[in-house]
Structures are given as structure tokens and as C-alpha cells.
2 protein chains.
Amino acid sequence: MASIKDVASLAGVHRSTVSRIINGEGKFRSDTKRKVERAMAELNYRPSAIARSLATASSNMTGLLVTYYTGGFFGEMMEQVQAELDQHDKFLITAQGHRRADGEREAIRRFHDLRCEGYILNSRYLSDDELRELAQEPTPFVLLDRVVEGLESRCITFDHSLAAKMAVDYLVEQGHSDIACISGPRNRASCNQRYQGYVQALKNAGLALDPRLTVEGNYGRESGYLAAQKLYHTAPEMTALFSCSEEMMQGALQFFHEHHVEIPRQLSLISFDSIDLCATMYPFVSSVHFPISDMAQVAVGLLMSQINQQDACIQRHFEPELRIRNSVNRREFVSG
Amino acid sequence: MASIKDVASLAGVHRSTVSRIINGEGKFRSDTKRKVERAMAELNYRPSAIARSLATASSNMTGLLVTYYTGGFFGEMMEQVQAELDQHDKFLITAQGHRRADGEREAIRRFHDLRCEGYILNSRYLSDDELRELAQEPTPFVLLDRVVEGLESRCITFDHSLAAKMAVDYLVEQGHSDIACISGPRNRASCNQRYQGYVQALKNAGLALDPRLTVEGNYGRESGYLAAQKLYHTAPEMTALFSCSEEMMQGALQFFHEHHVEIPRQLSLISFDSIDLCATMYPFVSSVHFPISDMAQVAVGLLMSQINQQDACIQRHFEPELRIRNSVNRREFVSG
DNA sequence: GTGAAAGCGCTAACAG
DNA sequence: CTGTTAGCGCTTTCAC
């Protein structure tokens, strides 16, 4: 592989001249420039990003931590992040956390080993304390969809609880009172927040919280199916169902179809959604939208401004949006 | 950020000793080792992968070219590739081709700039010639789901045509004769192969190829919906439909549901599938499975063996698999 | 067993 | 405008 030296000697100039021409610094006689350019072309020369990193003490790399790649959600995130990063001419390094604090730690270690200039972390298993500790290190990072006290300026946030509440409020407005919920694993903060939004909405509406009406899944499709099955048998009075994830709604819908439950005539449905899976279901399912891709985009902007030590005024908080489709029926008040 | 020098001076030894200890080369007095290890811990030292790359002339990075990140298909690929790479302690660099030869070229350029040791290319827009040229360069690469004459040993292949044929054969076996097809953009090789498989199956069965019965989509959900709509109106006699992609089948199914076409009573469905989307539809849709994730896994193995210049005996060709679910009805022979 | 010295491919003052 | 020199953080001979 040709190095800058080869180019220099072929062009009959010094390495530093070649370097300057590559980086467009200063002025040169047009013929030196031509000679160098020709030499580069002839040798098919491309500067080594690695050597450059070492010399400039800046890797031009950004680390992105996700939980895993499959499922669409993270793809959406990566798509945005990469697109933004491309604009800034940065390399994207991704790593998976594998649903374990350990995995996330290891991922960050890899970023660090590569001397990434900054990280975008969709961390779900590292503790607040550990994150605050990480903030002591010199490498800037941004937390995507997480709030950690003391790290506010690095957090891109979304109010999961409010979002869930909006969804359930809508069901209430439509006259429903026997509203079931398929929650996620409640030991994960954002999952629990979604569940709490459900609880809150019921409370505000003066409805009792019936434990039979909520079943916990794991965000996967299969668990949604199972949850629907359980609800179908143990809570036949439910007239509406709220799912904390789109995949679980997919599974639930599958179950209801198989058992010929007519949607929305017999059962109204609403779901959390981030990659518009709800718009691919039959029937289209109403949802509260979690704008992960907008958030990812902003995350890059925020990180860049931190790297450049400038105080960009960036909107860090995102609002839920209700997307009404045709899976919810108005329920008339039934006396007695 | 602490460097090897800092560690050395804190431990009171020379840099090279630290280096040896890090890499476990040679023997050392146990107390030097202890001193060094303590110094590393104290300084929270991690060797710079970049400096290491430069010194050893091996970046430990592998480039993966995909078309884009969204949609599940590429996530599946990345998941496997990253998992395998982790095992080999390599960094994964990804880049998108953006459905353009230019984009793919640019992606490979980035890999090259980073001096990746090898590439895994799911290239769809670079010409065979260009790929053969690339093969002249010293960096090894593997072609994922592509066959290029002269580059056989680098190709992980799948017979799209055979797969499509198997799907349509199955429909024929079940007694269907008015079989429609939603194809992909036929200017893309693998898409056209799938279409040709459909053509071949009809031919073998002695069925005429009716142009009204095939409509071209773009692999996206929306285009499947539109295709179904078109077929519904212009070819009401169809009793079975084969889709060249799972997303298009999703869209088509949506249309049929909306128009109360009963599946499979009135219409039988079969689709290409790679990430089991067909198993999330209602009803479950039968499919031919394109084992992209197995192929991705093998790609890493093949690449590694090329990087290490060893001749691993690796299975490079993959077979389609029919996955019968409940979307196809047997059609009894109707005389007259 | 460990230190000295050179070098990986590049950039960045500093001269001239 | 261009060459010289030193150095980024590490590895790798080669001595001792």
C-alpha cells in the first residue's frame, strides 16, 4: 500500500508538502500541486486515517451503543446517526450492549480503545452512578432516551409516562373503562414509566386498577401473543387494550385474529410505536409515537457541539404524538 | 489520556517492557509484572488501538457494506457479523451503499481509508468488472449473496431462482394455475432471478405466462399494497400469489384484508422471506426462506480464513427452504 | 528479563 | 512556497 513517502518521492517533493496539499493548507505553485496530484493518482494513494488519527490526536470516530441490531428499532437509530455523521465526515463505530450492564461496559471500552471522540449511548443497563462516573472522563457522550440527574445537558429525553397516559386517556375519552395493558419488563426504567402512565390515566379517570388487566411481556412479539391469550381468558370484560410495544401488539393482534375477535368492534387497540409497525398491521393500529429517529438525529448534533466545545442550543426533549388510526371504537355508556 | 509512557515511568520500567506485558510476550520477573499492572490500573490505562494498528500494520477492523440499516434485513446481517467478529476480537465498521454504485464505492473507500483488514460486501450496484478489479487490490473481501465469475472462492451464494421456483412449484402442486407474482425491480440481478424462477415454474407446469399476472414492485411494503390492488382489479381469476419479498407481501396482505379477500379460501399466498416476517402476518404466510443470517455468519468465517491466508473448507452455497404455514389452500381441479 | 533505538504513516511547528 | 525536524503511542528487533 502506497504511503505518503512514495507519493512524495514520485512527485519529487517532501512529505510535508504532500500532506499540505492533501489538507489544502497554505498555497503552492500550481505545478507542484499538479505533480503531487498526479503521483497520488498514479499510486492510487489514499491517506491512512489511522496514521492521521495518531498524528492529530483525533480519531474522527464516534461510538454508538445499541442493545442489539435486529428488530428495526435500532436500524432506525443507526440510519439517522450514520446519516448525520456522514455529513460531518466522521466514522461510525457501533457496538451492542446485549441487554447486560457488562455488555454495555465492554462496548464503551471498545469505543475508548479506538479513542472515539464521542459516544452516543442508548444505555439501558448501566446505573446512573456509573454514567455519572463516566462523565468524569474526558470523552464527551450523549445519552439517548435516558434521564440521569446531574447529566441533564447530555440527555435526549422522552416522557414515556406521559406518552402512555395520552394513549390510555384517548381510550378513556372514547368511553372505555375496562382497559387492559401489556407492559414491558417493569424493572427497566422506561418500561415501568410506560406502565405508570397507564396507571395514572386510570386513576385520573376514576377507574380502578385491576391487576388482572395488566400482564407483563418482554417487548417481543411472542410475549404479546401470550399476553393477549391470558387476557382473553382471564379478563373477558376488557373492551380496550394498550400495548407498551409495537411488537407485542403484533403478537396480540395475531392472537385476536385467530380467535375471531373483531377489531375494533369487539376490542379497541392502541400501542406504543416507534418505527410505524402499527401502520403495517391489519387493521391499522392507533398509537403514540416515540420519535426515536428524530431523537437520534439530534443526539449527533448535541454530541458534535460537545466535541467542539460549543454551546449549541438544541432541543433535547421530545413530545409524544398520538396517531389515530382505525383500531379504536367509541364505546357508548352502558348503564347498569 | 494516559499513554504507555506514563505507565512505564510510574512503574519505573521501560515502555517496551510494558508493551511486552500487555501482549504477554516473553517472561518477566513477577514483581515487574505486578508493578506494571498496578500502574496500569492506577492510571486506568488502555492501550490505543490506533497506535497499535499503526505499529503492527493491522487495524483489526473489518468493513461491512450494506444497502441501508432500516428494515430488519440488514440488522439480521449485522447481528451475525458482529457476533462472529467479536469472537475474533475485531472491530466492525459499517457503511451504507444507499442503493447506488457510487455509494458503495464511497463506502469501500472509507473501509480502505481505515485500512480494514477485509471487507464483507453485500454489494448490489457495483458491476462484476469493478468487483474483479477490486480483487486485484491486496485487501481480501467476501461477497455476500452474489456470484461473480472469476471470484467464486469469495462468493457466498444463494440460488434465488431455484428458491422462487420451489415456492411456485408448491403452488402448482396444490392445484393452482392462475398464479400471480409481485416481483422486485428486475434490473437488479437477484430480483430478476426470483422472477425467472417464477417463469420457469410456470413453464415446467405447462402454464402460460400471462403478463397481467405479474406486477413489479420495489420490495417495499407500499409497493406490495399497490401491486395487490392492481392484480385484484385486472386479474380477478388469480387463485394464488407469490411475492418476491416479505415486505411486499405485508402490503399485499393489508390490501386483501381491507377488501375482505379470505386467505387462503379465496386466495393462496406464498412469499420470499428472510427475517421471518411471514410468521408475524395474519394468517401466517408460507414462504421460501433465504437464510441471510447463516450466510452472514459464514461470510465472516470465510473472510477470516482469507485474511489468515488459510484455505478453510467452508460451505459457500446455501439452499432455499420451504416453510409451509397456513396461507395456501389446495385447489381442486375444476373441469370445463 | 529488560532497556535502547528505530520505525509505522502522518501532521505540525519552525526555518528559510 | 517548501524542506527539516520532531513527535503522536505503540511494537519490534537487537543488545546486554
Side-chain angles (χ1 to χ4, degrees), chain A residues 1-37 39-40 43-61 89 91 110-117 138-139, chain B residues 1-37 39-40 43-61 89 91 110-117 138-139:
Chain A
M1 202 150 306
S3 85
I4 198 170
K5 250 188 191 160
D6 304 315
V7 175
S9 60
L10 181 59
V13 298
H14 195 266
R15 287 141 54 211
S16 49
T17 304
V18 177
S19 172
R20 285 190 206 99
I21 288 182
I22 291 171
N23 297 301
E25 289 177 356
K27 310 221 170 228
F28 338 85
R29 289 207 332 251
S30 65
D31 69 315
T32 13
K33 187 166 175 189
R34 212 168 314 126
K35 275 190 303 184
V36 169
E37 274 166 353
M40 293 203 292
L43 294 172
N44 217 313
Y45 171 75
R46 293 248 82 217
S48 156
I50 290 190
R52 225 174 204 175
S53 297
L54 193 57
T56 57
S58 70
S59 63
N60 276 317
M61 302 187 201
D89 240 296
F91 295 102
R110 292 172 83 85
F111 297 155
H112 175 79
D113 285 358
L114 281 172
R115 300 298 186 264
C116 286
E117 302 174 301
T139 311
Chain B
M1 201 151 305
S3 85
I4 198 171
K5 250 188 192 159
D6 304 315
V7 176
S9 61
L10 181 59
V13 298
H14 196 266
R15 285 139 61 210
S16 47
T17 304
V18 177
S19 173
R20 286 191 202 98
I21 288 182
I22 291 171
N23 298 300
E25 288 177 357
K27 313 221 169 225
F28 338 85
R29 287 201 340 244
S30 66
D31 69 315
T32 16
K33 186 166 177 187
R34 211 169 314 126
K35 275 190 305 185
V36 169
E37 273 165 353
M40 293 204 292
L43 295 172
N44 216 312
Y45 170 75
R46 294 249 81 215
S48 156
I50 290 189
R52 224 173 203 175
S53 295
L54 194 57
T56 57
S58 70
S59 64
N60 277 317
M61 303 187 200
D89 240 296
F91 295 102
R110 292 172 84 85
F111 297 155
H112 175 79
D113 285 358
L114 281 173
R115 300 298 185 264
C116 287
E117 301 174 302
T139 311

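On a predicted model such as this, the values are computed, not experimentally measured, just so you know. Naming: A, B, ... by sequence-line order, numbering from 1 per chain.
To the nearest 0.5 Å, atoms OH (A/Tyr45) and CG (A/Asp6) are separated by 9.0 Å. Going from atom NZ of A/Lys35 over to atom CD1 of A/Ile21 covers 9.0 Å, rounded to the nearest 0.5 Å. Remark: A/Arg29 CZ to A/Arg34 CZ distance equals 11.0 Å, nearest 0.5 Å. Atom-to-atom distance recorded for B/Ile50:CD1 and A/Arg52:CZ is 13.0 Å, nearest 0.5 angstrom. Between atom CZ of residue A/Arg46 and atom NE2 of residue B/His112 there is a gap of 7.0 Å, rounded to the nearest 0.5 Å. From A/Asp113, atom CG reaches atom OG of B/Ser48 across 8.5 Å, with rounding to the nearest 0.5 Å.
Using modelled atom types, no side-chain atom of A/Thr139 and backbone atom of A/Glu117 make a donor-acceptor pair closer than 3.5 Å. With A/Ser58 contributing its side chain and A/Asn60 its backbone, the two residues share no donor-acceptor pair below 3.5 Å. No side-chain donor-acceptor contact under 3.5 Å links A/Ser59 to the backbone of A/Ser53.
Contacts with DNA chain D (heavy atom under 4.0 Å) in residues 20-30 of chain A: A/Arg20, A/Lys27, A/Phe28, A/Arg29, listed by number.
Across D/dT5, D/dG9, D/dC1, the shortest atom-to-atom separation from the side chain of A/Thr32 is found for D/dC1.
Both tests hold for A/Arg110 against B/Phe91: distance to the six-membered ring centre under 6.0 Å, angle to the ring axis within 45°.
If you measure from atom CD1 of A/Ile50 to atom C1' of D/dC8, you get 14 Å, rounded to the nearest angstrom. Between the C1' atom of D/dT12 and the CZ atom of B/Arg52 lies a distance of 14 Å, rounded to the nearest Å. For the pair A/Arg15 CZ and D/dT4 P, the computed distance is 10 Å after rounding to whole Å. B/Leu43 has its CG atom 14 Å from the P atom of D/dG9, to the nearest Å.
Between A/Lys33 and A/Arg115, the residue anchored closer to the 5' end of DNA chain D is A/Lys33, taking for each the nucleotide with the nearest heavy atom. If you find the closest nucleotide of DNA chain D to B/Lys5 and to B/Ala55, the one lying nearer the 5' end belongs to B/Lys5.
The rotation axes computed at either terminus of the helix from C/dG1-D/dC16 to C/dG16-D/dC1 lie 40° apart, taking five pairs at each end and rounding to 10 degrees.
With a heavy-atom cut-off of 4.0 Å to chain B, the contacted part of DNA chain C has its first and last nucleotide at C/dG1 to C/dG9.
In this structure, B/Ser19 reaches the bases: a heavy-atom distance under 4.0 Å links it to at least one base atom across the strands shown. A/Val13 comes within contact range of the sugar-phosphate backbone alone, with a heavy-atom separation under 4.0 Å but no base atom that close. Heavy atoms of A/Ser16 sit under 4.0 angstrom from at least one base atom.
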Evaluation steps, side-chain contact (heavy atoms from CB on, under 4.5 Å), between B/Arg15 and B/Val7: CA-CA 8 Å; B/Arg15 285 139 61 210; B/Val7 176; over 6 Å; no
